[in-house]
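By convention in this document, chain letters (A, B, ...) are assigned in the order of the sequence lines, proteins followed by strands, and residues within each chain are numbered from 1.
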Amino acid sequence: MPELPEVEVTRRSFAQHIRGARILDARAGLPLRWPLGLDPRQLAGMTVQDVDRRGKYLLLQLDQGVLLMHLGMSGSLSFRGDLPPPGRHDHFDLVTTQGTLRLNDPRRFGAVVWSADLQTDPAQKLLASLGTEPLGDAFDPAAFHARLRTRRAPIKQVLLAGDVVVGVGNIYASEALFLAGIRPTTRADRLSRARADRLHAAIREVLGRAVERGGSTLRNFSNAAGESGHFQAEASVYGRAGQPCLRCATPLRQIRQGQRSTFFCPVCQRA
DNA sequence: CTATGGACCTGAATGC
DNA sequence: TGCATTCAGGTCCATA
């Protein structure tokens with residue numbers, strides 16, 4: 001479900017509602033990717049000051065530390081006043097004076113981690129090697145190209161790795177490369193400055209548009225208020241193997257890169 | 001240091 | 001119908 005646009009859309013859907021809330025209680029279900037780092041009950045009494053995002057992490061800024069949340073592959077958040085009892089895949093509840101934030105995550109690749117201080121804690125490691133924010137001012141074509149020139153792996157895998165630029169997941173990587181006219185298997189260090197520029201623009205375009213549209217919905221993405229997004233109808237190549245390219249009608253191809261599916265047009269993305 | 005494959009976990013879809 | 005296999009939007013870790 002969640003690449004950067006889905007995480008950002010989720011953030012926007014509940015940030016203003018939870019801001020300023022006092023935590024009344026918290027409850028953890030089955031283990032997630034990492035331990036919470038404290039007894040959930042100890043969160044009671046803390047205040048949620050703001051909700052930020054770094055890459056695909058949400059950062060709930062508390063008056064005592066920060067709560068990092070990651071949605072993994074299958075996670076989603078809901079925020080509402082009255083909540084039914086936790087279901088089979090509800091693995092974290094944050095009960096506040098303004099509503100309850102609930103993480104549902106069937107595969108449990110997601111995480112909720114409390115850190116007293118991101119500067120010094122072990123949790124800092126999670127954010128330490130993240131790349132540039134693609135929608136921010138710091139995402140600069142020249143610097144992007146310079147970073148790509150140090151990598152010999154296929155460009156698709158470099159995008160997914162997240163240490164050059166964050167937030168580009170498996171769907172949007174294929175979409176951005178299609179938009180830029182770049183073959184996903186091309187070595188990152190072989191991209192000219194001009195082609196790196198096109199990719200830079202394509203990444204911003206694809207992610208920015210998805211945020212505006214409310215996140216993708218290849219399966220069932222919905223924000224924390226339960227509203228679903230519309231990106232599915234807009235995928236140009238992802239999930240369309242064998243179907244005609246929207247630009248040239250050539251049948252789209254699907255390949256495997258690092259055990260992930262990649263989709264591209266063999267004509268529009270020649271190199 | 002970089003690159004690659006395996007690991008984590010559940011559920012849906014597909015194949016025989 | 002039943003059972004096995006494959007695949008799924010992420011990313012850390014061990015190994016080469």
(request) Quick one: sort the A/F144 and A/F139 rings into parallel, tilted or perpendicular, breaks at 30° and 60°. (result)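 Because their plane-to-plane angle is over 60°, the rings of A/F144 and A/F139 count as perpendicular.
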(request) Quick one: sort the A/H70 and A/Y57 rings into parallel, tilted or perpendicular, breaks at 30° and 60°. (result)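 Ring orientation of A/H70 relative to A/Y57: perpendicular.
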Rounding to a whole Å, what distance do you find between [X]:[atom1] and [N]:[atom2]?
X: A/K156; N: B/dT4; atom1: NZ; atom2: P; answer: 13 Å
X: A/L148; N: B/dA3; atom1: CG; atom2: P; answer: 11 Å
X: A/Q257; N: C/dA8; atom1: CD; atom2: C1'; answer: 17 Å
X: A/L71; N: C/dG10; atom1: CG; atom2: P; answer: 11 Å
X: A/R187; N: B/dT2; atom1: CZ; atom2: C1'; answer: 12 Å
X: A/N170; N: C/dA8; atom1: CG; atom2: P; answer: 8 Å
X: A/D105; N: C/dG10; atom1: CG; atom2: P; answer: 13 Å
X: A/L160; N: B/dT2; atom1: CG; atom2: P; answer: 17 Å

(request) Return the nearest nucleotide to the side chain of A/L126; candidates are C/dG10, C/dA8, C/dC12. (result)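 Selected nucleotide: C/dC12.
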(request) For the side chain of A/M73, starting at C-beta, report the closest nucleotide among B/dA3, C/dT11, C/dA8. (result)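 Selected nucleotide (nearest to the side chain): C/dA8.
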(request) Give a yes/no answer on whether the side chain of A/S261 brings an N or O atom under 4.0 Å of OP1 or OP2 in C/dA8. (result)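 Affirmative; the distance criterion is met.
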(message) Just to be sure I understand the rule, does A/G169 reach a base, reach only the sugar-phosphate, or reach nothing, if contact means heavy atoms closer than 4.0 Å?
(response)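 Here A/G169 touches the backbone only, sparing every base.
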(request) Give A/R260 one of three labels, base, sugar-phosphate or nothing, depending on what nucleic acid heavy atoms sit under 4.0 Å from its own. (result)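 Counting heavy atoms under 4.0 Å across all strands, the contact made by A/R260 includes a base.
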(message) Under 3.5 Å for both donor-acceptor distances, Watson-Crick or wobble: does B/dC9 have a partner, and if so which one?
(response)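 When the pairing criteria are applied, nothing turns out to pair with B/dC9, so the answer is none.
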(message) Distance alone, cut at 3.5 Å: any donor-acceptor contact between the side chains of A/S261 and A/R256?
(response)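 Their side chains do contain a donor-acceptor pair, which is all the 3.5 Å distance test asks for.
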Protein and nucleotides 6-10 of chain B: nitrogen or oxygen contacts under 3.5 angstrom:
residue	atom	partner	partner atom	Å
B/dG6	N7	A/Q259	NE2	3.2
B/dC9	O4'	A/R107	O	3.4
B/dC9	O3'	A/R108	NH2	2.8
B/dC9	O2	A/R107	NE	2.9
B/dC9	N3	A/R107	NH2	3.3
B/dT10	OP1	A/R108	NH2	2.9
B/dT10	O4'	A/P106	O	3.4

[X] versus [Y], closest heavy-atom pair with distance:
X: A/G167; Y: A/P5; result: O-CD, 4.5 Å
X: A/V158; Y: A/D163; result: O-OD1, 4.4 Å
X: A/H145; Y: A/A196; result: CD2-CB, 3.6 Å

(message) Counting only heavy atoms and a strict 4.0 angstrom limit, can you tell me which residues of residues 114-122 of chain A come near DNA chain B?
(response)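 Heavy-atom contacts with DNA chain B come from no residue of residues 114-122 of chain A; none.
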(request) For a side-chain contact (heavy atoms from CB on, under 4.5 Å) with A/V237, tell me which candidate from A/L177, A/L246, A/L252, A/L179 qualifies. (result)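 Single pass found, and it is A/L252.
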(request) Could you check A/E212 against A/R209 for salt bridge (Lys or Arg N to Asp or Glu O under 4.0 Å), going step by step and ending with a plain yes or no? (result) CA-CA 5 Å; A/E212 285 172 20; A/R209 198 193 321 150; over 6 Å; no
(request) Begin from the C-alpha positions of A/R147 and A/V165 and carry the test side-chain contact (heavy atoms from CB on, under 4.5 Å) through to its verdict. (result) CA-CA 10 Å; A/R147 290 296 310 278; A/V165 56; over 6 Å; no
